**Q** 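Got a structure here, written out as structure tokens. Questions coming.
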Amino acid sequence: MATLLRSKLSNVATSVSNKSQAKVSGMFARMGFQAATDEEAVGFAHCDDLDFEHRQGLQMDILKAEGEPCGEEGAEPPVEGDIHYQRGGGAPLPPSGSKDQGMGAGGEFGGHDKPKITAWEAGWNVTNAIQGMFVLGLPYAILHGGYLGLFLIIFAAVVCCYTGKILIACLYEENEDGEVVRVRDSYVAIANACCAPRFPTLGGRVVNVAQIIELVMTCILYVVVSGNLMYNSFPGLPVSQKSWSIIATAVLLPCAFLKNLKAVSKFSLLCTLAHFVINILVIAYCLSRARDWAWEKVKFYIDVKKFPISIGIIVFSYTSQIFLPSLEGNMQQPSEFHCMMNWTHIAACVLKGLFALVAYLTWADETKEVITDNLPGSIRAVVNIFLVAKALLSYPLPFFAAVEVLEKSLFQEGSRAFFPACYGGDGRLKSWGLTLRCALVVFTLLMAIYVPHFALLMGLTGSLTGAGLCFLLPSLFHLRLLWRKLLWHQVFFDVAIFVIGGICSVSGFVHSLEGLIEAYRTNAED
């Protein structure tokens, strides 16, 4: 018995010793020293050969990808949607010969020739989107929501900041080396990836429709607010609000001839600075009447019928998700995107909350849909003229974006196009293409004439497309693409945002539509 135990212990000791010796020998062999045994030497040499062949194969793949032309005879065309990763964690390369390769902001993954923007410049672009002139409707949201409206301004900022981050996370995946690389370039690409392989283009079409609706509704709102502001600035003139809208549209008609936004972009900074000055003037006037502030009017109860409209107004004022993928792709340091989103939304939340609260405290129950209509006549005329100028100069941006989406979706050359291209072989816009652009301008005018209600239209748009693009789709795409990598609290946040966003969207859309119908009936009776 004792002999048997000693034999087993000896075998175990020998096995442990051999394993330890093999590990030490392997370590020394990797460091360049001679292996302990010939068998180990052969094994490590075989591993080295495999590793050398693997690295040589990768180098040859890279050389082939850089040196071989795509149109070479006998070469197989790249499969649509096929992703080729770059070694070193870079963005995936677009297919050779693609029109997106080397483009600027509109190119795939930002392009390599276009100068990159800093985090401050990216933050300025986001600020322009979420702190535009539509904040003029926020005091009206406080009128129907009270303190809950203020909470909603904070809540919407937090949620939109979070969904912006998870939307960008959907652009990235891990490659075969475990490195996180950018494999998608736009909101549409994310949507298509979620619907693949059964419906590879369905998601992109849904996002395109939502983008077109939001952009066109934004153009309509600019025409509505221009007519509203001019009518309330000069009430003594025999010109109705509809007539002012027609005059504004006549000024905007040359937008149909736009081929690029170089001329318009020169005024963007001036418009933004003018808007900040206007906000400061409004707040300064409100502060001058601080002794008369009606704190008792700010209550905790809400107007059940009109508060859902306020939700749409607040959500619409935060919409920026449409262009975030392109913006992040053009940043010098994409790792600073999260920090940029944090401080821009914190600043927007503070400024919007203060502006809405101070303006409502000043006018209380007399707060109008566009807060500048509450200003005294002498100040109102000056402020409103600047606002009209800003609205007219801001109109070409969403109009041109809507035209581009329509042209790429319906009028591009190719087998998938529904209609022939709007441009001729020499790059000139065809006559019927120009007619369609003019028709889009006229359509915004007709909508502004027949539905001249700024707050209701803003609430309807925010509930229909704003909630979808900012709340519903980002959380759904995040769950669909990154389900296996999400922690439990991330899944909880995504599901909660989707459910709450869906409820708010449906409720806001129904009540905004009811409000528009009621307002239309009232106008018809008058």
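We number each residue from 1, following the sequence as shown. Just so we're clear, the structure is a prediction, and the values are computed from it rather than from any experiment.
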**Q** Supply the atom-to-atom distance Ile322 CD1 to Ser186 OG, rounded to the nearest 0.5 angstrom.
**A**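 Interatomic distance, Ile322 CD1 to Ser186 OG, rounded to 0.5 Å: 12.0 Å.
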**Q** Quick check: does any side chain N or O of Asp177 sit under 3.5 Å from a backbone N or O of Glu179, one acting as donor and the other as acceptor?
**A**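 Pair absent, no side-chain N/O of Asp177 close to backbone of Glu179.
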**Q** For the residue pair Asn192 and Leu202, what are the closest heavy atoms and their distance?
**A**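 In terms of heavy atoms, the two residues are closest at OD1-N, 4.1 Å.
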**Q** Kindly indicate whether the side chain of Leu171, heavy atoms from C-beta on, has any atom under 4.5 Å from the side chain of Asp185.
**A**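 No - every pair of side-chain heavy atoms lies 4.5 Å or more apart.
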**Q** To the nearest 0.5 Å, what is the distance between CG (Leu457) and CD1 (Ile313)?
**A**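 If I round to the nearest 0.5 Å, the distance is 10.5 Å.
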**Q** To the nearest 0.5 angstrom, please state how far the NE2 atom of His338 sits from the SG atom of Cys161.
**A**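 It is 8.5 Å, given to the nearest 0.5 Å.
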**Q** At what distance, to the nearest 0.5 angstrom, does CH2 of Trp343 lie from CH2 of Trp120?
**A**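 Answer rounded to 0.5 Å: 5.0 Å.
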**Q** Is there side-chain contact between Thr444 and Tyr222, with at least one heavy-atom pair below 4.5 Å?
**A**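 SC-SC contact between Thr444 and Tyr222 ruled out.
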**Q** Test Thr163 against Leu167 for side-chain contact (heavy atoms from CB on, under 4.5 Å), laying out the working first.
**A** CA-CA 6 Å; Thr163 55; Leu167 184 67; over 6 Å; no
**Q** Using modelled atom types and a 3.5 Å cut-off, is there a donor and acceptor pairing between side-chain atoms of Arg184 and backbone atoms of Cys170?
**A**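 It does hold such a pair.
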**Q** Side chains of residues 467-479: which donor-acceptor pairs under 3.5 Å do they make with residues two or more places apart or in other chains?
**A**
unit_1 : atom_1 : unit_2 : atom_2 : d
Ser475 : OG     : Phe471 : O      : 2.8
Ser475 : OG     : Leu472 : O      : 2.9
His478 : ND1    : Asp494 : OD2    : 2.7

**Q** Which pair of heavy atoms, one from Phe399 and one from Cys255, lies closest together, and at what distance?
**A**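 The answer is CE2-O, 3.4 Å.
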**Q** What verdict does the side-chain contact (heavy atoms from CB on, under 4.5 Å) test give for Asn125 and Ile117, after you've listed the backbone C-alpha separation in whole Å, the side-chain angles of each residue and the deciding distance to 0.1 Å?
**A** CA-CA 10 Å; Asn125 286 322; Ile117 60 176; 4.2 Å; yes
**Q** Can you see which heavy atom on Lys116 is nearest to which on Gly329, and at what distance?
**A**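 Here Lys116 and Gly329 meet closest at NZ-O, 3.2 Å.
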**Q** Taking atom CZ of Phe355 and atom CD1 of Ile142, what is their separation to the nearest 0.5 Å?
**A**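 One finds 11.5 Å between CZ of Phe355 and CD1 of Ile142.
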**Q** Within the distance-only criterion (no hydrogens, no angle test), does the side chain of Glu214 pair as donor or acceptor with the backbone N or O of Gln211 below 3.5 angstrom?
**A**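 Not a single qualifying donor-acceptor pair exists.
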**Q** Can you measure from CZ (Phe400) to CZ (Arg437) and round to the nearest 0.5 angstrom?
**A**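 Going from CZ on Phe400 over to CZ on Arg437, the span is 6.0 Å.
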**Q** Val159 vs Val315, test: side-chain contact (heavy atoms from CB on, under 4.5 Å). Steps then yes/no.
**A** CA-CA 10 Å; Val159 173; Val315 170; over 6 Å; no
**Q** Give the table of side-chain donor-acceptor pairs shorter than 3.5 Å for residues 503-513, with sequence neighbours excluded, one pair per line with atom names and distance.
**A**
unit_1 : atom_1 : unit_2 : atom_2 : d
Ser505 : OG     : Ser463 : O      : 2.5
His511 : ND1    : Ser507 : O      : 2.8
Ser512 : OG     : Gly508 : O      : 2.7

**Q** Within a strict 4.5 Å, meaning less than it, do heavy atoms of the Lys165 and Asn342 side chains meet?
**A**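 They are in contact (side-chain heavy atoms under 4.5 Å apart), so the answer is yes.
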**Q** Look at the aromatic rings of Phe493 and His489 and report parallel, tilted or perpendicular, splitting at 30° and 60°.
**A**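 Judged by the thresholds at 30° and 60°, the geometry between Phe493 and His489 is perpendicular.
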**Q** Is a side-chain donor or acceptor of Ser317 paired with a backbone partner of Ile314 at a separation under 3.5 angstrom?
**A**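 Checking the backbone N and O of Ile314 against the side chain of Ser317, a donor-acceptor pair under 3.5 Å is found.
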**Q** Are side-chain heavy atoms of His345 and Val126 found at a separation under 4.5 Å?
**A**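 A side-chain contact under 4.5 Å exists here.
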**Q** Which atoms form the tightest heavy-atom contact between Gly462 and Phe316, and what is the distance?
**A**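 Heavy atoms of Gly462 and Phe316 come nearest at CA-CB, 3.7 Å.
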**Q** If you look at every heavy atom in Val188 and Gly204, which pair is closest and at what distance?
**A**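 Looking at all heavy atoms of both residues, the closest pair is CG1-CA, 3.5 Å.
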**Q** Could you report the tightest heavy-atom contact between Leu481 and Cys194, atom names first, then the distance?
**A**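 Heavy-atom minimum between the residues: CG-SG, 3.6 Å.
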**Q** Would you indicate whether Tyr147, at its atom OH, is surrounded by more than 12 heavy atoms from other residues, nucleotides or ligands within a distance under 6.0 Å?
**A**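 For Tyr147, atom OH is crowded (more than 12 foreign heavy atoms under 6.0 Å).
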**Q** Give a yes or no answer on whether the side chain of Gln321 reaches the backbone of Cys160 with a donor-acceptor pair at less than 3.5 Å.
**A**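 Yes.
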**Q** Between the main-chain N or O of Ile130 and the side-chain N or O of Lys352, is there a donor-acceptor pair closer than 3.5 Å?
**A**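 Yes, because the side chain of Lys352 sits within donor-acceptor range (under 3.5 Å) of the backbone of Ile130.
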**Q** Apply the test side-chain contact (heavy atoms from CB on, under 4.5 Å) to residues Met341 and Leu324: give CA-CA distance (whole Å), side-chain angles for both, the deciding distance (0.1 Å), then the verdict.
**A** CA-CA 10 Å; Met341 288 289 289; Leu324 287 182; 3.9 Å; yes
